[in-house]
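Everything numeric here is computed off the predicted structure, so don't read it as measured data.
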Amino acid sequence: MQIYNVTMINHHTFFTALWRWRMRRILKCHLIPHHTWQSITKRMPVLRELDAVQMAHLREMTSWFLDQKTINGAQGLDVTLEMKVTVAAQACLLILNLGVEYFDGWIEVLLYPAAFSVNHTEVDSIGVIHNETSVLAGESWLRGPVILSWDNVEQDAYYYKAGHNVVLHEFAHKLDSLNGAMNGMPPLRRGMSRKRWSDTFYEAYGELCLQLRTGESPSINHYAATSPAEFYAVLSEYYFTAPDILKKFSPDVYEQLALFYRQPVSQ
Ligand SMILES: [Zn+2]
């Protein structure tokens, strides 16, 4: 047993050391230049609560993101460094205190110039095939790319609107899908209770659905009532952009998200 424990520790230490070495190498060669980072991020309201140390950490994680993931343009969109940093900095805000391994399992971000149409085919419970065309600001595929409309990314990044941020929304789906399914429960931190999380979210989700059924005007974006996965993604948008509204809607969900994301948010 003793030998087993020592082996485990050595194994862990080896990978931690390897990871640190790789991160140092990435930051040495690919750290986003200071003036580029400053000029882009100082205009983003969602980052305003971060102090200098947290901003420095976010700059490192954003640099890591740009080295490890690809951000490609669709429909002829020429993706600039400014666009890449705008997407990556907001995506990394979600995992600032979680760690880069929360973005494992996929590599591509696809950027459309504006909202894009998608055609989904679904087979319903009696076997009838439905084709639906929707116009989307973003989409996140299980084990696949994140697809975003630059128009919407830019709007949400630079012009504050409470409860709206397409980048936070789509990358929250990535955290959620890390354990194999989008069901509103990302892999939680050690010490957090899965039961507490699901009870809390289930109750708040039911509350929102009830508000909509009874014709009451919902206290948060009604899109959250689409499914538990959308509920978690939308509430993550509120956590970072309008925590006061989230606290009012459900102090318990706010508490769970604060335990998970563990970072200061703008009030
Ligand atoms: Zn969604």
Side-chain angles (χ1 to χ4, degrees), residues 31-32 36-52 54-73 77 79-100 102-104 106-115 136-141 145-178 186 221 230 232-243 246 257-258 260-266:
L31 186 65
I32 298 163
T36 307
W37 175 251
Q38 280 290 325
S39 67
I40 298 169
T41 54
K42 75 176 182 206
R43 294 185 289 124
M44 294 166 64
V46 75
L47 305 179
R48 70 185 166 204
E49 289 300 308
L50 300 186
D51 64 22
Q54 290 160 333
M55 281 303 288
H57 185 37
L58 186 67
R59 181 180 166 203
E60 290 181 354
M61 290 185 94
T62 306
S63 304
W64 165 86
F65 186 108
L66 296 184
D67 184 70
Q68 296 290 301
K69 312 287 183 191
T70 62
I71 304 182
N72 296 318
L77 181 69
V79 181
T80 64
L81 179 60
E82 181 184 350
M83 291 172 169
K84 289 182 180 181
V85 172
T86 303
V87 170
Q90 293 178 92
C92 289
L93 177 64
L94 286 170
I95 59 163
L96 187 62
N97 290 318
L98 285 168
V100 293
Y102 268 82
F103 278 167
D104 277 352
W106 55 275
I107 52 161
E108 191 186 11
V109 178
L110 196 57
L111 214 49
Y112 277 83
L136 301 176
E139 193 175 41
S140 184
W141 290 27
V146 172
I147 306 170
L148 295 163
S149 139
W150 170 249
D151 252 8
N152 295 77
V153 170
E154 190 179 31
Q155 187 67 32
D156 293 349
Y158 299 116
Y159 305 95
Y160 172 81
K161 190 176 170 200
H164 285 266
N165 187 299
V166 66
V167 174
L168 294 175
H169 181 105
E170 299 308 331
F171 286 91
H173 281 317
K174 279 294 173 210
L175 304 185
D176 186 8
S177 61
L178 198 57
N221 182 356
E230 295 304 338
Y232 161 68
V234 170
L235 265 54
S236 292
E237 290 179 79
Y238 277 91
Y239 177 77
F240 288 97
T241 66
L246 175 60
L257 289 176
F260 181 61
Y261 289 121
R262 256 193 224 160
Q263 53 183 294
V265 286
S266 47

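- The backbone N or O of T86 sits less than 3.5 Å from a side-chain atom of Q90, completing a donor-acceptor pair.
- In this structure, OH on Y158 lies 5.5 Å from CD1 on I40, to the nearest 0.5 angstrom.
- Side-chain atoms of S149 come within 3.5 Å of backbone N or O of A115 as a donor-acceptor pair.
- Test V153, V146, V87, V109 against E170 for side chain to side chain contact (heavy atoms under 4.5 Å, CB included) and you get one pass: V146.
- Here the CG atom belonging to L175 is positioned 10.0 Å from the CG atom belonging to L168, to the nearest 0.5 angstrom.
- Between the E60 side chain and the H57 main chain, no donor and acceptor come within less than 3.5 Å of each other.
- In summary, of the residues considered (L96, L93, I95, L98), a side chain to side chain contact (heavy atoms under 4.5 Å, CB included) with Y261 occurs for L98 alone.
- Side-chain contact, W106 with E108: no donor N or O sits under 3.5 Å from an acceptor N or O.
- Under the 3.5 Å distance criterion, the side-chain polar atoms of T241 are matched with a main-chain donor or acceptor of G163.
- Of the inter-residue distances, the one linking K42 atom NZ with M55 atom CE reads 11.5 Å to the nearest 0.5 angstrom.
- At distances below 3.5 Å, not a single donor-acceptor pair connects side-chain atoms of N152 with backbone N or O atoms of A137.
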Let's go through V234 and H169 carefully: what are the C-alpha distance in whole Å and the side-chain angles of both, what is the deciding distance for side chain to side chain contact (heavy atoms under 4.5 Å, CB included) to 0.1 Å, and is it a yes or a no? CA-CA 6 Å; V234 170; H169 181 105; 3.7 Å; yes
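- Separation of atoms CD1 (I32) and OG (S63) is listed at 3.5 Å; rounding is to 0.5 Å.
- Side-chain N or O atoms of K174 include one that pairs as donor or acceptor with a backbone N or O of W141 at under 3.5 Å.
- Relative orientation of the F103 and W64 rings is parallel, given thresholds of 30° and 60° on the angle between their planes.
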